[in-house]
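Below: one structure, written as structure tokens.
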There are 2 protein chains.
Amino acid sequence: MKVLVVEDDQYHARYLLDVLADALPEVSEIVHAADGAAGEAEAEAMCATAVVMDLQMEKRNGIEAARAIWARRPATRILFWSNYSDEAYLRGISRIVPEDSAYGYVLKTASRERLKLALRAVLVEGQIMVDREIHRLQRRTASPRHALDDSEYAVLVDLALGLQDKQIAIRQSLSLRTVQNRLLSLYEKLGVEADPDDPADVTTPRNKRVWALSRAFVTGTLNVATVQSAERDYQRRGRTRR
Amino acid sequence: MKVLVVEDDQYHARYLLDVLADALPEVSEIVHAADGAAGEAEAEAMCATAVVMDLQMEKRNGIEAARAIWARRPATRILFWSNYSDEAYLRGISRIVPEDSAYGYVLKTASRERLKLALRAVLVEGQIMVDREIHRLQRRTASPRHALDDSEYAVLVDLALGLQDKQIAIRQSLSLRTVQNRLLSLYEKLGVEADPDDPADVTTPRNKRVWALSRAFVTGTLNVATVQSAERDYQRRGRTRR
DNA sequence: AATTCTGTTGCGGGTTCCCGCAACTGGACT
DNA sequence: AGTCCAGTTGCGGGAACCCGCAACAGAATT
């Protein structure tokens, strides 16, 4: 069995290689790639069936790399290993994971034992394994209170690009007023609303649009990697076409 | 000599303690704190004269912790050790470093040798030492092209809070129109401007306000920690007073 | 079939935003 | 003094934004 490790932090990579050798004696070959692009190329070159993938990397983040790998070989087993229990990352992953393929998500704060367990469960046994911490986040995301449904999320991303309501409406094939309704529920769910007890908030209310974006970043609903991807996507799709 | 290490990533902390013991044999006591708040308390308790500080930590970030420590003991020598060459962090640091106190900034990507060198230079010799990578950023920040002048930065932070022009004007003691001028230069420096070749950008231009905020996050001019601090500050100052 | 609910859409108005134009200030250089 | 220049401020208008109100459709419930 051949395992590919994609991780740009040298200390984490060393630790990971160590645990990997320890936990999975049946591994015949371990390759280490130091960024997403290299990981993609290496996965193709070595025909990796199992990958351990960091999410936050300089050149090309783990989600984009995983999507590319899965596009070629949907059966590849990928264990994501990350610092952050970031909603934006989670949303990104659940969006790209193919049907019937094994994957996992372990936080870097997990113990060595739990990491070993996850490595075996996902890479060898082909199970799905998600860190309990993450799973809690997934619950919360699915709960009605602060949940962002997919269409709301799409509007949020367009908002982050700075698009105005009309353009969002066109891109999402909705009417202007509907987009504005989505924005209203976004504001509510992100906790963007004037405090009735604060006179300043009432007389000159805050700009909800930027406030919402700000809160989306702070709460981890949105992150920089997501926005960058969206921007690239917009440059390609939104402008050359149409 | 007593050294305090404030670092919440266990692997990095272990590595750091190892290098520290190796590089500085004259150290009599090494204490490790796992987050900013604990670091602050520990610095006070052990009368630390030298600190190695991570920037990005869960509970309380390194900048706030450093400010608290320096407020009590301005002579404390602090070496910041961080993953990111983030403009927002750099700006935060240069804002709080006292006159005549030693500090340093080393990236986690630096070699073991360079880290040892920095440890000795800052903690023992009391020099100022900034990673070349960071220094380049500082240059760029100081260069006229993309530089954000302090007052512009203040306006950017207020914008991130969602304040409208009028309120920013009040907080900064400026006229409305001047704030708008600051915003104009912000837009320019953050690269927020319609592309004349793109018909979509011309007919329905993007919302500059949110676009600028978005770019500020992507370029690292602003980060989540900064916005959170600003929000706390606003809740306290902007509303109870006035 | 009647009804409630949820999501979508149009309309209209009050507000903020973006920014061109013009005037004024204070400092720097000739 | 004269002149230039960068920074600040007022004015005004067109566009976008926020959102209450109301109508309508389809799905679910009774």
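Lettering follows sequence order; numbering is per chain, from 1.
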_Angle between terminal axes - the helix from C:dT4-D:dA27 to C:dT30-D:dA1, 5 pairs each end, rounded to 10°_ =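 About 30°, once rounded to a multiple of 10°.
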*Residue pair B:S175 / B:T178, side-chain donor-acceptor N/O under 3.5 Å*: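 There is such a pair (donor and acceptor under 3.5 Å, judged by atom type) between the side chains of B:S175 and B:T178.
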*Does one side chain, of B:Q56 or B:S82, offer a donor that lies under 3.5 Å from an acceptor on the other?*
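Distance-only check fails for B:Q56 and B:S82.
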*OP1, OP2 of C:dC19 versus side-chain N and O of B:Y187: anything below 4.0 Å?*
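Indeed not, no polar side-chain atom of B:Y187 lies that close.
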_Steps toward side-chain contact (heavy atoms from CB on, under 4.5 Å) verdict (B:V6, B:D35)_ = CA-CA 6 Å; B:V6 188; B:D35 67 74; over 6 Å; no
*Whole Å only: how far is the CG atom of B:L186 from the C1' atom of C:dC17?*
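In whole Å, C:dC17 C1' lies 15 Å from B:L186 CG.
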*Is a side-chain donor or acceptor of A:T219 paired with a backbone partner of A:R215 at a separation under 3.5 angstrom?*
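Checked: pair present.
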Taking only distance into account, with no hydrogens and no angle test, what donor-acceptor pairs under 3.5 Å do side-chain atoms of residues 158-166 of chain B form with protein atoms, sequence neighbours excluded?
{"from": "B:D158", "atom 1": "OD1", "to": "B:R171", "atom 2": "NE", "distance (Å)": "3.3"}
{"from": "B:D158", "atom 1": "OD1", "to": "B:R171", "atom 2": "NH2", "distance (Å)": "3.3"}
{"from": "B:D158", "atom 1": "OD2", "to": "B:R171", "atom 2": "NE", "distance (Å)": "3.2"}
{"from": "B:D158", "atom 1": "OD2", "to": "B:Q172", "atom 2": "NE2", "distance (Å)": "2.9"}
{"from": "B:Q164", "atom 1": "NE2", "to": "A:P205", "atom 2": "O", "distance (Å)": "2.9"}
{"from": "B:D165", "atom 1": "OD1", "to": "B:R209", "atom 2": "NH1", "distance (Å)": "2.9"}
{"from": "B:D165", "atom 1": "OD1", "to": "B:R209", "atom 2": "NH2", "distance (Å)": "2.9"}
{"from": "B:D165", "atom 1": "OD2", "to": "B:Q180", "atom 2": "NE2", "distance (Å)": "3.3"}

*Quick one, give me the B/S/- string for nucleotides 4-16 of chain C, reading 5' to 3', where B means a protein heavy atom under 4.0 Å from the base and S means that only happens at the primed atoms, P, OP1 or OP2.*
----BBBB----S
*asked:* Please give me every residue in residues 154-163 of chain A whose heavy atoms get under 4.0 Å of an atom in DNA chain D, ordered by residue number.
replied: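 Those residues: none at all.
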Which side-chain N or O atoms in residues 72-80 of chain A pair as donor and acceptor under 3.5 Å with protein atoms at least two apart or in another chain?
{"from": "A:T76", "atom 1": "OG1", "to": "A:R73", "atom 2": "O", "distance (Å)": "2.8"}
{"from": "A:R77", "atom 1": "NH1", "to": "A:L123", "atom 2": "O", "distance (Å)": "3.1"}
{"from": "A:R77", "atom 1": "NH1", "to": "A:V124", "atom 2": "O", "distance (Å)": "2.9"}

Distances under 3.5 Å between nitrogen or oxygen atoms of protein and nucleotides 26-28 of chain D:
none

